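We use all heavy atoms of the structure for the numbers below, so side chains are in, but hydrogens, waters and symmetry mates are not. Letters A, B, ... mirror the listed sequences (proteins, then strands); counts begin at 1. No experiment lies behind these values; they were computed from the predicted model shown.
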Amino acid sequence: MATIARPDAKDPIYDGTRIPSPIPTVLEVDPAVKDTDDILTVNFGPNHPSTHGVLRLIVDLDGEVVVGVHAKVGYVHTGFEKNMEQKSWWKGITYAPRIDYLAYQNNELVFVLAIEKLLGLEIPPKASWMRMLLSELNRIHSHLVWLGTAALELGAISMFWYTFREREMILDLSELVAGYRMHTRYFQTGGLAEDVPPGFYPECRKFVEWMPKAIADYDGLLEKNEIWENRTRGLGLLSRSDAIALGQTGPVLRASGVDWDLRRDDPYLYYDRVHFHVPVLPHGDTYDRYRVRIEEMRASVEIVEQCLDRLERLEGEPWIADDRKVVLPPREELHTSMESLIHHFKIVTEGYRVPEGEVYVAVESPRGELGCYVVSDGGARPWRVKFRAPSFAALEATATTVQGAYIADLIAIVGSLDTVMGEVDR
Amino acid sequence: MAFAETPGLLSTTEAFSETTLVVDPARLVEACAFLRDEHRFEMLVDIAATDYLGWGSPGVSGYIGTAAGRNLNRPMTQGLQALPAPKPKRFSLNYHLLAIQPGARRVRVQVWLDDGEPVPSVVSVWPGADWFEREAWDMMGIPVEGHPHPERLIMDEDWEGHPLRKDYPLGGEPVRFSGEE
C-alpha cells in the first residue's frame, strides 16, 4: 500500500495577500493561434456516454491538444429550489436527495440539519449515530459509482462489475432500513423516520467485514496497473492555491495537497467522537484524486464500524425527538388521543412552522462541501432554499485542469472531478 | 467587534451562531479583499441570491377567509404567527466565506439591491465567484458589473425572465395550439 505524504502542517495553505492571477473558468483560444485556421472545434456532449450526466463541452483542438474549452450546463435544470419554496418544510425533504442522486443521504442530511438549526431542535443520540452511519455508507456508494465509471471510461470494464457488486450491498442495506434503495427520506426533522429495523446491525457488520477486502481488490486491479498509471499520473493538474481560489472542496481539494475535511475541521453530528484518517495527497493530478477516494472509502468503513459499536449499545433508545409541534406522534396514539390526532393532521396538512431567520449549514458530501442556505419567514414553507453544490464549483476547474491536455485524456480529467449534473443544474 | 474595520460595513448581526456583515454594494470588492487578506477568508464557498418580493404578505394569522369565502385550494391562508422583520430592499446577495484554518470560521457578507441595481464582480478577489455570479444573474436577474463572461449559465441564452424570482410564473410556458395563427 502506498504511503500518503502529508504536507507539513506549518506550511501555509494560502498566503492571504496573494491576489490570484486570473484563473480561467472558460478557456479561450489564443487569438494568434486562432487565426492560423488550424483550430478544430469539437462538440462533446451533452449526450455522451462518458460525461457523467448531461454536460456539454465545446472543445477547441490544435491537433490533438485542447487549447480552448467552454462548459455548458443546465440540461437537467429542474427547478428544485423553486419547487421547494412551494412545498411545506416537511415535504421539501423529499426533494433534497434527488438533487445529487448519488449522494442522496448527504443531501437529505444537510437540509434536515438546516431546518433543525432554525428550529433549535435537539435530536437523540441514536438518530445522530444512525445518520452518520448512513451518510458514510452513502459516501462509499458514491465513490464506488465514480470509481466504476471512471475506470470504465479508460477501458477497465471489469472494475465496473466489481464496484457495482459492492454498491448493490449498500443499496440492500438502504432497503432494509428505509424500504427504498435510493432517495430514502429516512432522515426526518428531529431524528429518523422509523426505528432501526432488527437484523440491520448484523447485516451491516457483514458489509464492514467484506468492504476492506473489496477495496484491496480494486487497488490490486488499478493501483499498479501500467495503463491506469499512464493515463492518470501527471494529468489534470490543479495546484493547491488554484484549488482554493476556485473554491474546490472535498477529494479534489485534498488531492491538491490541502488538508481540509469538514468532518474533522468543522464537525457536525458526532464526527468529533470517532477516529478516522483524512487522506491528503500532494500532486493534484487525476491519479491522486483516485487515491484520495480509495482511501476515503477505507476511512468511511472505519467510521461505519465505530457507529455500529455505539448503536448496538443504544438498543431501545428513542430515534426521534419528542416535540409534538414538529414530529409526528406515534402511530398507536392516534387511536386513543385526540391531541395526537390533531397534531398529526396539522403537521401533515399545513406543516410545522419554522422561526424566521436565515442559516447556512455545510456538510462534507462525497464531492466536497455541500451547503444549504435557507431563509424562513416564520411560515410553514421555506422562503428560499439554495444548495451550494460541490460539483458546481468542481466544474469551474474544468478549464484549468484540461489546459494543454490531449483530447483522449479529457474524459479522464473531467471524470476525475466527479461531478453530478443533477446537482450542478438543480 | 472583530469585523468593525471592514470597508463599507453598514451593520453586523449575529443569529443562529452565524455572523452576517451587511456591506454597501459600492464598496463590496474592497470589503471582500479586506476579509480575504486580513481575516484570512481564503475561500468563497457560495453566493446565494434571495428575492424578498412579497415578504410578509400572508399577514398575521387569525384572519381566516376572504369576502368570497375561504379558499380551500390554497393552503396557508391563515398567515404567519408574527410579521417578519421588513427588508431594506428587494434582493439580497449572500457571500458565504470560509477560512481554511483551525476552527473553520465562517462569515456571511450580505448586500441589498433593488431590481436592476448592479453589483460589482468579486472575481478579482476569488476567481471561483465566476459561475456563482453568472447563476445569480441567470436565476435572479442581478446584473454583475465587470464580470469576465456576463452570460446566462443554466438557462438558454435567449431565455426570457429569471426563473427563481418570486414574480416568475409557476404555471409553465404558454402552449400554442395547432391551427392557431
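When the candidates A:Glu356, A:Arg426, A:Gln86, A:Glu81 are compared by the number of heavy-atom contacts under 4.5 Å with chain B, A:Glu356 comes out ahead. Between chain A and the options B:Arg152, B:Arg106, B:Met155, heavy-atom pairs under 4.5 Å are most frequent for B:Arg106. Counting heavy-atom pairs closer than 4.5 Å to chain A, the top residue among B:Ala129, B:Ala15, B:Ala85, B:Ser17 is B:Ala85. Of all the listed residues (B:Asp156, B:Leu98, B:Asp138), the one sharing the greatest number of non-hydrogen pairs under 4.5 Å with chain A is B:Leu98. Note on A:Asn83, A:Val359, A:Asp425: by heavy-atom pairs under 4.5 Å with chain B, the leading option is A:Val359.
Looking at B:Leu164, both its backbone and its side chain come within 4.5 Å of chain A, counting heavy atoms on both sides. For chain B, the nearby part of A:Tyr373 is the side chain; its heavy atoms alone come within less than 4.5 Å. Contact annotation for A:Leu262: only side-chain heavy atoms (C-beta onward) come within less than 4.5 Å of a heavy atom of chain B. Of the two parts of A:Val375, only the side chain, counted from C-beta on, holds a non-hydrogen atom closer than 4.5 Å to a non-hydrogen atom of chain B. Only the backbone of B:Ile47 comes within less than 4.5 Å of a heavy atom in chain A; its side chain stays farther off. For B:Arg105, no part sits under 4.5 Å from any heavy atom of chain A, backbone or side chain. In this structure, chain B has heavy atoms under 4.5 Å from both the backbone and the side chain of A:Glu358. Looking at B:Glu135, only its side chain comes within 4.5 Å of chain A, counting heavy atoms on both sides. Of the atoms belonging to B:Tyr52, heavy atoms from both backbone and side chain fall under 4.5 Å from chain A. Only the side chain of B:Asn94 has a heavy atom closer than 4.5 Å to any heavy atom of chain A. At a 4.5 Å heavy-atom cutoff, the contact between A:Ser376 and chain B is made by backbone atoms alone. For A:Leu370, no part sits under 4.5 Å from any heavy atom of chain B, backbone or side chain. Using a 4.5 Å cut-off between heavy atoms, A:Glu369 touches chain B through its side chain atoms alone.
With salt bridges taken as basic N to acidic carboxylate O contacts below 4.0 Å, one links B:Glu151 and B:Arg134. Using a 4.0 Å cut-off between charged nitrogen and carboxylate oxygen, A:Glu85 and B:Lys166 count as a salt-bridge pair. A salt bridge links A:Arg264 to A:Asp259: one of the charged nitrogens lies within less than 4.0 Å of a carboxylate oxygen.
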Where do A:Val258 and A:Val280 land on the side-chain contact (heavy atoms from CB on, under 4.5 Å) test, with the steps shown first? CA-CA 7 Å; A:Val258 183; A:Val280 181; over 6 Å; no
Full working for side chain to side chain donor-acceptor pair (under 3.5 Å) between A:Gln248 and A:Glu396: CA-CA 9 Å; A:Gln248 301 301 304; A:Glu396 282 192 280; 5.8 Å; no
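In this pair, A:Trp89 and A:Phe111 present their aromatic rings parallel. The plane angle is below 30°, not in the 30 to 60° band.
Here CZ of A:Arg384 is found 11.0 Å from CE of A:Met84. Values are rounded to the nearest 0.5 Å. From B:Arg90, atom CZ reaches atom CH2 of B:Trp55 across 14.5 Å, with rounding to the nearest 0.5 Å.
Residues of residues 107-117 of chain B placed with any heavy atom under 4.5 Å of a heavy atom in chain A are listed by number as B:Arg108, B:Gln110.
In this structure, the ring-ring contact (aromatic ring centres under 6.0 Å, His included) partners of A:Phe392, at least two apart in sequence or on a different chain, are B:Trp131, B:Phe132. Partners of A:His77 under the side chain to side chain donor-acceptor pair (under 3.5 Å) rule, at least two apart in sequence or in another chain, do not exist in this structure. Partners of A:Tyr268 by ring-ring contact (aromatic ring centres under 6.0 Å, His included), not counting sequence neighbours, listed by chain and number: A:Tyr271.
Using modelled atom types, one side-chain atom of A:Arg240 and one backbone atom of A:Gly257 make a donor-acceptor pair closer than 3.5 Å. With hydrogens and angles disregarded, a donor-acceptor distance shorter than 3.5 Å links the side chain of A:Ser256 to the backbone of A:Leu238.
Remark: A:Lys325 NZ is loosely packed, at most 12 non-hydrogen atoms of other residues, nucleotides or ligands lying under 6.0 Å away.
Side-chain contact between A:Tyr360 and A:Arg388 is present, with at least one heavy-atom pair separated by less than 4.5 Å.
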